[in-house]
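Just so it is clear, the values below take in all heavy atoms, side chains as well, and ignore hydrogens, waters and symmetry mates.
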Amino acid sequence: MGPMIKTEEEEDYTSPPWLMPMLRGSYFIPCSIHADSNKNECNMFCLDCAGTAFCSYCLVKHKDHRVVQIRRSSYHNVVRVNEIQKYLDISCVQTYIINSARILFLNERPQPRIGKGVTNTCEICCRSLLDSFRFCSLGCKLGGMKRGDQSLTFSMRGKHGRDYQGGLESDEATTPTKLRKTKAFNRLMDGLSISTVRFDDYGPGGDQRSPSSGDEGGFSFSPGTPPIYNHRNSSRRKGIPHRAPF
């Protein structure tokens, strides 16, 4: 009996079993089960079932499963970083921002011409990249692993927090600008409150006031007395001006 020949999936034990089916899946074709429904394109993939792509109406059959949505950019299949990075180490793969969302490509995108001044390209398909990346897609990283590079892995074991992103912060880890402004405003208001409290803690003659029973540390947080406003003077109208006699 001859030796058993292993398939590429069996030899590639360093990648999860659902990766190759996801990369080779047929997406954005009409769903055969919901052919009469609107928006029935197959753009969903289940990592637990590792089968064929399905439409959003088929999600009820994958309850409590790990499902990612495949999107299309420039006729290429992409997936959002915040969806795939939970299950896969995407380090060394360049990411892009499209429609305010960080994405990465599933398969290689060969670039026949390399622009002038390009110093770094994908190790598999020679597409121009930023200097901090080695591959342009998940498929290219898988190709680098099949070449025998022991430093590459898709495994999430031993990687926590931001480490599994290869030093790249995701969209969820980045603090929104509005939130940062709100925190800065709160710190400014806290500083103004402390200054006001310390000033009110002393009387007009410079003597320190006695602490009230309801305040901690002798600080008074009650608002100051507003200035007296004379409504009688405010409603008085000016008289008719008279010319000076000639």
In one Ile/Leu/Val/Met/Phe/Trp/Tyr side-chain cluster, 4.5 Å: Ile84, Phe135: yes
Reported CG-to-OG distance for the pair Asn43 and Ser56, which is rounded to 0.5 angstrom: 7.0 Å
Heavy-atom pair of closest approach, residues Pro17 and Pro21: O-CD, 3.3 Å
Which residues share a ring-ring contact (aromatic ring centres under 6.0 Å, His included) with Phe28, sequence neighbours left out: none
Closest heavy-atom pair and its distance - Leu23, Gly139: CD1-CA, 3.9 Å
Listed partners of Ser32 passing side-chain hydrogen bond (donor to acceptor under 3.5 Å, both in side chains), at least two apart: none
Flag side-chain contact, heavy atom, 4.5 Å: Met22 against Leu138: yes
Atom of Asn77, atom of Tyr27 and distance for their closest heavy-atom approach: ND2-CD1, 3.6 Å
Ser151 vs Arg134, side chain to side chain contact (heavy atoms under 4.5 Å, CB included): CA-CA, chis, key distance, verdict: CA-CA 12 Å; Ser151 64; Arg134 298 175 57 185; 3.8 Å; yes
Test ring-ring contact (aromatic ring centres under 6.0 Å, His included) applied to His62 - qualifying residues, sequence neighbours left out: Phe54, His65
Over-ring placement of Arg127 relative to Tyr96, 6.0 Å and 45° cut-offs: no
Interatomic distance, Glu123 atom CD to Cys136 atom SG [nearest 0.5 angstrom]: 11.0 Å
Non-hydrogen atoms of Cys31 and Cys58 that approach each other most closely: SG-SG, 3.9 Å
Heavy-atom check, side chain of Ile103 versus side chain of Arg71, under 4.5 Å: no
Residue that, paired with Lys141, satisfies side-chain contact (heavy atoms from CB on, under 4.5 Å) out of Leu104, Ile90, Thr153, Asp89: Asp89
Residue pair Cys55 / Asn40: nearest heavy atoms and the distance that separates them: CB-O, 3.6 Å
Pair Asn82-Arg80, side chain to side chain contact (heavy atoms under 4.5 Å, CB included): steps then yes or no: CA-CA 6 Å; Asn82 59 0; Arg80 286 188 174 180; 3.3 Å; yes
Nearest non-hydrogen partners of Ala53 and Ser26, listed with the distance: CB-O, 3.6 Å
Derivation and outcome, side chain to side chain contact (heavy atoms under 4.5 Å, CB included), residues Gln111 and Ser128: CA-CA 8 Å; Gln111 190 173 5; Ser128 59; 3.3 Å; yes
Derivation of the side chain to side chain contact (heavy atoms under 4.5 Å, CB included) call for Ile70 and Leu106: CA-CA 9 Å; Ile70 308 301; Leu106 296 187; 4.0 Å; yes
Within one Ile-Leu-Val-Met-Phe-Trp-Tyr cluster: Leu142 and Val68, side-chain cutoff 4.5 Å: yes
Atom pair CD1/OG of Ile98 and Ser74 - distance to nearest 0.5 Å: 6.5 Å
From CG (Asp131) to CD (Gln94), nearest 0.5 Å: 10.0 Å
Shared hydrophobic cluster for Trp18 and Met44 (ILVMFWY, side-chain gaps under 4.5 Å): no
Value rounded to 0.5 Å, distance of CD in Gln69 from CZ in Phe45: 14.0 Å
From CA spacing to verdict: salt bridge (Lys or Arg N to Asp or Glu O under 4.0 Å), Glu41, Arg72: CA-CA 12 Å; Glu41 58 183 9; Arg72 183 67 63 90; over 6 Å; no
Interatomic distance, Phe105 atom CZ to Cys125 atom SG [nearest 0.5 angstrom]: 11.0 Å
